[in-house]
Q: 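Pasting a structure here, questions to come.
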Amino acid sequence: MQFDIRHTITANNTLICRGEFSPGEKVALLGNSGAGKTTLLRLLSGLLPSTQGAVTDAGVPMGHGWQNQVTLVHQQPVMFAHHTVAQTIAYGAKYNRVHALPMSHWLQRLDLEALTDTSCAKLSGGQAQRVALLRALATGRRWVLLDEAFSALDSARLLAACDIVADYCRLTGAGLVVASHQEAPQRFLCQSAYLIDENVGRYEANVFSALNSRIEGQLWSTLYVTADQIEHGFLRVCLGDDPLYVSQPEHWQEGHARVSIAAGDVSLAIGVEHQTSMVNRLAATIIEIRPREDDRMLVSLDVGGQLLRVLISPWSCARLGLQQGQAVFAEFKVGAVQWHGQL
Amino acid sequence: MITSALFLTLKLALTTTLFLLIICLPLASWLANTRSWLKPWVESVVALPLVLPPTVLGFYLLLLMSPQHPVGAWWQSTFGQTLAFSFWGLVIGSMAYSLPFVLQPLQRTFEGQGRQISEAAYTLGASPWRAFWDIRLPLALPGLVAATVLGFAHTVGEFGVVLMIGGNIPGQTQVLSILLFDQVESLNYTLAHQIAGGLVVTSLLTLFSLYRWNSHAAVRVG
């Protein structure tokens, strides 16, 4: 999907977005409220014609909403009051002649099984949101745009919904654009990011660096690891050869996974020490030490080829005599590691 | 006499309502969504019958239907009879007169749906045509019922336009309201009472069932 848009919203308010998402790419759409995320999603889905510029998909100009391969889940779930849940999902599948999808399994995973004969007019906000999501997935379209589509879901349902969206993308090869004020769905589902700031959009290849840099005062690092096995009630993941322990997530499987760590939660040590409590300990090399405006030192570490950022006080920095290229150990508690899903 | 007038009235009201629905569904749907500069003009013209005396409408329609006018002449050459003082002349007059009563409830209902209903249907692959028949029209059912009932009842109740362009020909243009006028003029109060009373009761029952049903359907009418 390529787009090069100058869309005039009001006389002195023009949204300028240019970019390209490759087929099957999963993109987090970031920006403050009112930045134009919903407008961009409406433009990309062909519901809103741009005042200037164009959107193309697979080299073909993006047609009207009903002609293209993009489906959008609205911020406020739109329910057709004359449908039952089963009817409305069947309506979503009506024009899908390509993909056979496990809709009944997904209904079950989202606790909607018992509601299939319920009128869509009688659903609660959270139920409507889950139905709207499944109805959109039933279309089998090549791009799924989610505009705050998880906002009314509790954490367990959110996780299940994210899993289903990930399943959908695996089965159909579809791409994803997720706007969400919660970060969890974006961290679970997305690879890259598109940021809209002061009406101008820009692409960021790594969703985590985009998300991490948005958390004020807290710098986060995301590490790509391999989930291994349960040990002492914790999940052991591997970063290269080093083991790392995380609180056991509700769902996990062996294989690639992502975890994030806040820079303030890591401490640095030199030399081997014996730990009494369950502490993660990674061998690292200092890439750079930089003082920050808030009187703390930002230390960038290389851990198995990945970047881990650590904030320490100048006093610790001086006491340990840290310098660039030095070998150290990064230590942090199990609870400091956030599980950010598997793709 | 009263049977043929009753039959004619029902036939006129049914035909008029049917044709009005065919015209008003697309028109109401367009008015509900458009931002065109034409919208207030169309709305004003359509609402004219609400404020004009029916005789004004009847007068212009009569001129339009006369064989001296191109429209009336075309009709006469095509169908072999004048449009004025015929059943189809009455249908056209009634349609002009009852138009706002069918259009407005439909327009309000479509406006209440907002653009998101259509948009959601589009994102599922439904064309505007399919979205209208599959989603918007079924959702507009309360407004559709209100429009049908009001259009029908209002056509049954018209007098001025019918008298101007239809005259008073038994079996052809003599509807109940005209027959009532006729009977009062000739001091035949017994028949006049039957017609007037009948109209009051049926109209009241019709409106009552509409408002009663509507309070469940939660859509405002009128």
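The sequence lines fix the lettering, A, B, ..., with proteins before strands; numbering per chain opens at 1. Since the structure is predicted, the reported quantities are computational estimates derived from the model, not experimental observations.
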Q: Is it the case that more than 12 heavy atoms not belonging to B:F85 sit under 6.0 Å from its CZ atom?
A: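 Yes.
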Q: Using the ring pair (Phe, Tyr, Trp, His ring centres under 6.0 Å) criterion, which residues pair with B:F181? Sequence neighbours excluded.
A: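 Scan of B:F181 (ring pair (Phe, Tyr, Trp, His ring centres under 6.0 Å), adjacent residues dropped) gives B:F159.
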Q: Take atom OH in A:Y203; do more than 12 heavy atoms of anything else shown fall under 6.0 Å from it?
A: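 Counting other residues, nucleotides and ligands, OH of A:Y203 exceeds 12 neighbours.
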Q: Return the minimal non-hydrogen interatomic distance between A:A136 and B:L124, and the atom names on each side.
A: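 Reported closest heavy-atom pair: CA-CD2, 4.1 Å.
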Q: Looking at B:F79, I want to see if its CZ is surrounded by more than 12 non-hydrogen atoms of other residues, nucleotides or ligands under 6.0 Å.
A: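 Enclosed: over 12 neighbouring heavy atoms sit under 6.0 Å from CZ of B:F79.
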Q: Would you list the atom pairs in which one atom of chain A and one of chain B form a donor-acceptor pair under 3.5 Å?
A:
unit_1	atom_1	unit_2	atom_2	d
A:R42	NH1	B:E119	OE1	2.7
A:R42	NH1	B:E119	OE2	2.3
A:R42	NH2	B:E119	OE2	3.3
A:T71	OG1	B:T123	O	2.9
A:H74	NE2	B:E119	OE1	3.0
A:H82	NE2	B:D134	O	2.9
A:Y91	OH	B:D134	OD2	2.9
A:K94	NZ	B:D134	OD2	3.1

